[in-house]
There are 2 protein chains.
Amino acid sequence: MTASETRRQIVVAADRLFYERGFEATSFADIAGAVRLSRGNFYYHFRTKDEILQAVIAHRIDATQAVLDAWEAGADSPAERILSFVRILITNRTAIMAHGCPVGTLCNELSKLDHAAKDDAVRLFTLFRGWLVRQFTALGREADADALALHVLMRSQGVATLATAFRDEAFVRREIDDVAAWLTAQCPPASPPASRPHP
Amino acid sequence: MTASETRRQIVVAADRLFYERGFEATSFADIAGAVRLSRGNFYYHFRTKDEILQAVIAHRIDATQAVLDAWEAGADSPAERILSFVRILITNRTAIMAHGCPVGTLCNELSKLDHAAKDDAVRLFTLFRGWLVRQFTALGREADADALALHVLMRSQGVATLATAFRDEAFVRREIDDVAAWLTAQCPPASPPASRPHP
DNA sequence: CGCGCCGTAGGACATTTGACCTAAAATCTT
DNA sequence: AAGATTTTAGGTCAAATGTCCTACGGCGCG
């Protein structure tokens, strides 16, 4: 096995474990075990947990960017793209009801730990935020695109958190429908300006 | 110092530390140090970390219940009461931007740890949920009171999470205003039914 | 071919940390 | 002062982290 391939496997396994159990609760040995490496060999690739965290975040950023790029390259309208984003909550409902949103929970945990990589994790949010801003701008809402983007992110996060707490799939679907309705009201052909963000 | 008083101090200190650093990241010694107790004395009051967690959750439930009762005993209208709840985000903005929502982040962490006390933590949410249901019922929305309650909780959680990530106070205020506007649209004297929850 | 180099892999320590426990001193109660 | 309660100062044990050392196999080179 080549070193970079081994490394990649480690990052993928760590990514999953950090998501499922949290960063703090995942031990070096847990990750090594998941990839079937001895501790010593593991150390050859990553010397500290923080290094792994850095790599995991970088990996997530790449993966996220790829998904967003693909959506933006597709034929969907900006509004449909935004809905694609929100529907992640449905697609990943099982994982989310068990472990929450990967981005939100990581940012929360790193904030509490006051971890050096905190800001890097927030960049994941920033990625989505910027992408959403572009979609809303394309919908003719350049003036308040950022407020709208944050609003969509806010709703996703809120739904994810409550989904984890209550494990209520009907609630998730209801709220997704509500976002869809809100979105339609935001960017219609021509209707009275809705009561939303006044930035 | 009487035992129950010492115990109370321990719970208060543990509550703060669990909130600020997280449950997993807070050690026995951290709590003992915060109350200036020897580890042994600490052990006299609580034998395991899980016992402390139980006590902290019970303490939070009591405190929450007291606040909700006070609000319900006050002269405010149900709509104003709901706004009081949402405005906690403003009142506690400093703490929330640093450590998130105490309820949401605890539930998230315990979910990941698959901790036995997970469901007890969710009861904190349930407390708010039931209280909100009563307010919406009083506003004449008994039919969808629960969906509306969850919607308000969802927004609070989303705002808290993003507030922690971006530390943007203006965003928080904007979203609070938006909830207020939404609330007005929900339960007005008599207006066309808004596009909200269809449970 | 023989030899040393290097990337890769695996195991054997050493150190630290944190949860959990005990014995006995100090303090309070009656 | 007897007896219960509270506090202190230790100590144990397992898990986690950090570091080193050996081994194997390909490969360039004299």
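Quick note: numbers below take in every heavy atom, side chains included, and nothing from hydrogens, waters or symmetry partners. Letters A, B, ... mirror the listed sequences (proteins, then strands); counts begin at 1.
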Short side-chain N/O contact from [X] to OP1 or OP2 of [N], under 4.0 Å:
X       : N      : result
B:Tyr43 : C:dC21 : yes
B:Asn41 : D:dT6  : no
A:Thr48 : D:dT17 : no
A:His45 : C:dA9  : yes
B:Lys49 : C:dG18 : no

Whole angstrom value for the distance that separates [atom2] of [N] from [atom1] of [X]:
X       : N      : atom1 : atom2 : answer
A:Phe46 : D:dA16 : CZ    : C1'   : 18 Å
B:Tyr44 : C:dA25 : OH    : C1'   : 15 Å
B:Phe42 : C:dT22 : CZ    : P     : 18 Å

Open item on the list: Taking CZ in A:Arg60 as the centre, count heavy atoms belonging to other residues, nucleotides or ligands within less than 6.0 Å. Is the count above 12?
Closed with: yes
Open item on the list: Counting neighbours of CZ on B:Arg167 that are heavy atoms of other residues, nucleotides or ligands and sit closer than 6.0 Å, is the number greater than 12?
Closed with: yes
Open item on the list: Consider side chain to side chain contact (heavy atoms under 4.5 Å, CB included). Of B:Ile90, B:Leu89, B:Thr91, which one does B:Arg93 pass it with?
Closed with: B:Ile90
- [ ] Please collect all salt bridge (charged side-chain N to carboxylate O under 4.0 Å, His left out) contacts where either partner lies in residues 67-90 of chain A, sequence neighbours excluded, each pair once.
- [x] A:Glu72-A:Arg134
Open item on the list: Just to be sure I understand the geometry, which residues of residues 21-39 of chain B put a non-hydrogen atom under 4.0 Å away from DNA chain C?
Closed with: B:Thr26, B:Ser27, B:Phe28, B:Arg39
Task: Criterion side-chain contact (heavy atoms from CB on, under 4.5 Å) on A:Ile52 and A:Phe18, from CA distance to verdict - done: CA-CA 10 Å; A:Ile52 306 175; A:Phe18 287 173; 4.2 Å; yes
TODO: For B:Phe171, check ring pair (Phe, Tyr, Trp, His ring centres under 6.0 Å) against everything at least two apart and list the hits.
DONE: none
